[in-house]
Enquirer: 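I'd like to ask some things about the structure below.
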Amino acid sequence: NERRLDPPEGAHQPGMAERGGAALAAAVPGYVAKAVADTSRPKADTDHDALRLPAETIAFAAPPEKSGPLWPVLLAGACFLYLWWHAALLFDLVFVVAISRAAAQLHHAVAEGHVAHGLEGFAMVFFAIWWAWMNFTWFASAYDCDDVPYRLAVFVQITGALILAAGISRMFEVRGPAVAVIAGYVVMRLALVAQWLRAAAGDPARRPTVLRYAAGIALVQVGWVALAFLPNLWIPGFLTFLVLELAVPVWAERHTPTTWHPHHIAERYGLLTIIVLGESILSSTLAVQSVVDAGDALGALVPIIVGGP
């Protein structure tokens, strides 16, 4: 008794190509449905092609999108692993970059006749760079566990050194506190505070000394942040917190001296010295090259060549 209702005349009826193409396109990833023109069919039949649905045509495989070469990814991964293993060397290199930025600003100040201002700014920046580097070096000599949290803290200090280096030129321009320099220094010092707190958990015998380091450094950083908003007190404030920074190790080591390894200290100081000398040689080479390219007399370069970098 069932009665099948035929579609009205002129209505679209899905054919085998439509059903098969739609099913294949939906079931197989990477397949798409596209209209295929067939000029051998009568024109009356091909006129209906414009009215066909996209799935009414035969589905065929579309070529997958070509990806880029894999070697840049592998090279970047290899470089990251290398720097991860040699975090101490990268740490020294970044600090040398900051020293180079300070030296460049000193050169500009001297060339413009502002010798006193240049020496003052260089001394302040160099103290921040040197003190942060030396504190971490002596900490690493006693508590270098070389695990993942330790290396992550090293990279945080590297980030702080880069922030500090980015604000050196601004500090020489304003002749006062630069937010980037103070922020970079505080980032480095707070990362060291986290490392001291971690060392306190693993060295109960020297825990009072380690906690003194962490507390003293943290309190001084609060003062540096406050000084950034008091530019009128920059010089006396800088000298005050400089003395407090130097006093923290003296106060902390009075309880129980921390251990250190002479070979490690000598190696770290030697590496930093070699990198600084390399930067000096590069700067001297560029200076000589600029004079030669300008066509000036080479006689003016004799003192530099004889004296060395």
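Quick caveat: nothing in here was measured; it's all calculated off a predicted structure. Sequential numbering from 1 along the given sequence is applied to the chain's residues.
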Enquirer: Under the criterion side-chain contact (heavy atoms from CB on, under 4.5 Å), I'd like the reasoning laid out for L197 against L211: C-alpha separation, chi angles, the key distance, then a yes or no.
Expert: CA-CA 7 Å; L197 292 176; L211 291 178; 4.0 Å; yes
Enquirer: Give a yes or no on whether the backbone of T209 and the side-chain of T256 come within a donor-acceptor separation of less than 3.5 Å.
Expert: no
Enquirer: Would you confirm whether H117, through its side chain, and F172, through its main-chain N or O, come within 3.5 Å as a donor-acceptor pair?
Expert: yes
Enquirer: What is the minimum heavy-atom distance between F95 and A161, and which atoms define it?
Expert: CE1-CB, 3.9 Å
Enquirer: Taking the side chain as every heavy atom from C-beta outward, state whether V125 and L164 have any pair of such atoms under 4.5 Å apart.
Expert: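 A side-chain contact exists here, since the closest heavy-atom pair is under 4.5 Å.
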Enquirer: Report the C-alpha separation of R198 and Y143 in whole Å, then their side-chain angles, then the decisive distance to 0.1 Å, and conclude whether the side-chain contact (heavy atoms from CB on, under 4.5 Å) test is met.
Expert: CA-CA 9 Å; R198 189 163 178 251; Y143 297 105; over 6 Å; no
Enquirer: Should V276 and L271 be counted in the same cluster of Ile, Leu, Val, Met, Phe, Trp and Tyr side chains packed under 4.5 Å apart?
Expert: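 Unlinked, V276 and L271 end up in two clusters.
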Enquirer: Could you walk me through whether V181 and R170 pass the side-chain contact (heavy atoms from CB on, under 4.5 Å) test, one step at a time?
Expert: CA-CA 9 Å; V181 173; R170 177 62 179 171; over 6 Å; no
Enquirer: Is there a continuous path of hydrophobic side-chain contacts, each under 4.5 Å between heavy atoms, that joins V186 to I158?
Expert: yes
Enquirer: Please tell me whether W224 and F238 form a close aromatic pair, meaning their ring centres lie under 6.0 Å apart.
Expert: yes
Enquirer: Taking the side chain as everything from C-beta on, heavy atoms only, tell me whether L246 gets closer than 4.5 Å to V250.
Expert: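 No; the side chains remain at least 4.5 Å from each other.
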Enquirer: Is there side-chain contact between T258 and F139, with at least one heavy-atom pair below 4.5 Å?
Expert: no
Enquirer: Output the distance between atom CD1 (I168) and atom CZ (F126), rounded to the nearest 0.5 Å.
Expert: 11.5 Å
Enquirer: Please give me the minimum heavy-atom distance between G167 and A180, naming the atom from each residue.
Expert: CA-CB, 3.6 Å
Enquirer: Within a reach of under 6.0 Å around CZ of R207, are more than 12 heavy atoms found that belong to other residues, nucleotides or ligands?
Expert: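 Count over threshold, so yes.
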Enquirer: When you compare the side chain of W131 with that of Y185, does any pair of heavy atoms fall below 4.5 Å?
Expert: yes
Enquirer: Counting distance only, does the side-chain N/O of R189 pair as donor-acceptor with the main-chain N or O of A218 below 3.5 Å?
Expert: no
Enquirer: Can you find a pair of side-chain heavy atoms, one from Q221 and one from E245, that are under 4.5 Å apart?
Expert: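 In contact.
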Enquirer: Measuring from L227:CG to N232:CG, what's the distance to the nearest 0.5 Å?
Expert: 10.5 Å
Enquirer: Taking the side chain as everything from C-beta on, heavy atoms only, tell me whether L272 gets closer than 4.5 Å to W130.
Expert: yes
Enquirer: Are V156 and L162 co-members of a hydrophobic cluster defined by side-chain heavy atoms under 4.5 Å apart?
Expert: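 L162 does not cluster with V156.
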Enquirer: Give, for atom CG of N135 and atom OH of Y213, the distance between the pair rounded to the nearest 0.5 Å.
Expert: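 So the CG of N135 and the OH of Y213 are separated by 7.5 Å.
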Enquirer: Under the 3.5 angstrom rule, does the side chain of T159 hit a backbone N or O of F155 as a donor-acceptor pair?
Expert: yes
Enquirer: If hydrophobic clusters are built from ILVMFWY residues whose side chains come within less than 4.5 Å, do L190 and V225 share one?
Expert: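 Result: yes, single cluster for both.
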Enquirer: Start with the C-alpha gap between Q105 and F122, add the side-chain angles, then the distance that decides, and say whether side-chain contact (heavy atoms from CB on, under 4.5 Å) holds.
Expert: CA-CA 8 Å; Q105 293 301 318; F122 180 82; over 6 Å; no
Enquirer: Nearest 0.5 Å please: distance from the CE atom of M171 over to the CZ atom of R101.
Expert: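 Taking CE in M171 and CZ in R101, the distance rounds to 13.5 Å.
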Enquirer: Looking at CD1 of I265 and CE of M134, how far apart are the two atoms once the value is rounded to the nearest 0.5 Å?
Expert: 9.5 Å
Enquirer: Indicate if V187 and V154 have the same hydrophobic cluster label, given that clusters are the connected sets of ILVMFWY residues with side-chain heavy-atom separations under 4.5 angstrom.
Expert: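 Result: no, two separate clusters.
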Enquirer: Is any side-chain heavy atom of Q157 closer than 4.5 Å to one of V94?
Expert: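 Answer no - side chains too far apart.
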Enquirer: Got I235 and M124 here, is their nearest side-chain heavy-atom distance under 4.5 Å?
Expert: yes
Enquirer: Run the ring-centre check on W133 versus Y269 and record whether the distance is less than 6.0 Å.
Expert: yes
Enquirer: Rounded to the nearest 0.5 Å, how far apart are CG of D92 and CD1 of I275?
Expert: 5.0 Å
Enquirer: Can a donor-acceptor pair be found, under 3.5 Å and without considering hydrogens, that links the side chain of R212 to the backbone of W251?
Expert: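 Checking the backbone N and O of W251 against the side chain of R212, a donor-acceptor pair under 3.5 Å is found.
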Enquirer: Which heavy atom of I182 sits nearest to which heavy atom of P177, and what is that distance?
Expert: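 So the two residues come closest at CD1-CB, 3.8 Å.
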